[in-house]
Amino acid sequence: MRYIRYAFLAALAVVLVTVALANRDVVVLHLLPAELAGLTGLSLSVSLPMFVVIFGAIVAGLLIGFVWEYMREYKHRSAASGHKREKEKLAREVNKLKTAKAKSEGDEVLALLEN
């Protein structure tokens, strides 16, 4: 399984390097369209190689997806945490009741064994 993972990572690296070499031309990214930039007076732009734009978009998409999924699963993690606390509380209560029952019966060895 480890060799399959290494082969996949090597193939992915070859594809990414090929995309980077094929898209070395410089592109200009503008913050706003030309008409809106003229209206607002904000004409921010940056010149980057195309592969940086492509890889940046992939990374931004992954980060947005991870944050979205984290927020979507919050209620499940919260419920699981509450169930875990309740389970631990009930386990302590059962343990306390077992010891109290064994002590009331007068068998201290049995009380020790049940713990």
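These numbers come from a predicted model, not from an experiment. FYI, side chains are in, hydrogens and waters are out, and symmetry mates aren't considered; it's all heavy atoms of this structure.
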Applying the 4.5 Å side-chain criterion to the ILVMFWY set and letting contacts propagate, would [X] and [Y] be lumped into a single cluster?
{"X": "Val52", "Y": "Leu12", "value": "yes"}
{"X": "Val14", "Y": "Ile4", "value": "no"}
{"X": "Val53", "Y": "Leu31", "value": "no"}
{"X": "Val26", "Y": "Phe55", "value": "no"}
{"X": "Met50", "Y": "Val46", "value": "yes"}

Inset, instruction - Could you tell me whether a side-chain N or O of Thr40 sits under 3.5 Å from a main-chain N or O of Leu36, the two making a donor and an acceptor? - result: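 Answer holds: yes.
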Legend entry - Donor-acceptor pair, side chain of Ser81 and main chain of Arg77, under 3.5 angstrom: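 Absent.
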Inset, instruction - Kindly check if the number of other-residue, nucleotide or ligand heavy atoms within 6.0 Å of NE2 (His76) is above 12? - result: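 Result for NE2/His76: enclosed.
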Could you measure the distance from the [atom1] atom of [X] to the [atom2] atom of [Y]? Nearest 0.5 Å is fine.
{"X": "Arg92", "Y": "Lys87", "atom1": "CZ", "atom2": "NZ", "result": "10.0 Å"}
{"X": "Leu16", "Y": "Phe51", "atom1": "CG", "atom2": "CZ", "result": "11.0 Å"}
{"X": "Asp25", "Y": "Asn23", "atom1": "CG", "atom2": "CG", "result": "7.5 Å"}
{"X": "Leu48", "Y": "Ile54", "atom1": "CG", "atom2": "CD1", "result": "12.0 Å"}
{"X": "Ser45", "Y": "Leu32", "atom1": "OG", "atom2": "CG", "result": "10.5 Å"}

Inset, instruction - Could you walk me through whether Lys89 and Glu86 pass the salt bridge (charged side-chain N to carboxylate O under 4.0 Å, His left out) test, one step at a time? - result: CA-CA 5 Å; Lys89 177 184 157 198; Glu86 184 178 351; over 6 Å; no
Legend entry - Pairing of Lys96 and Glu93 as salt bridge, 4.0 angstrom limit: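 Salt bridge absent between Lys96 and Glu93.
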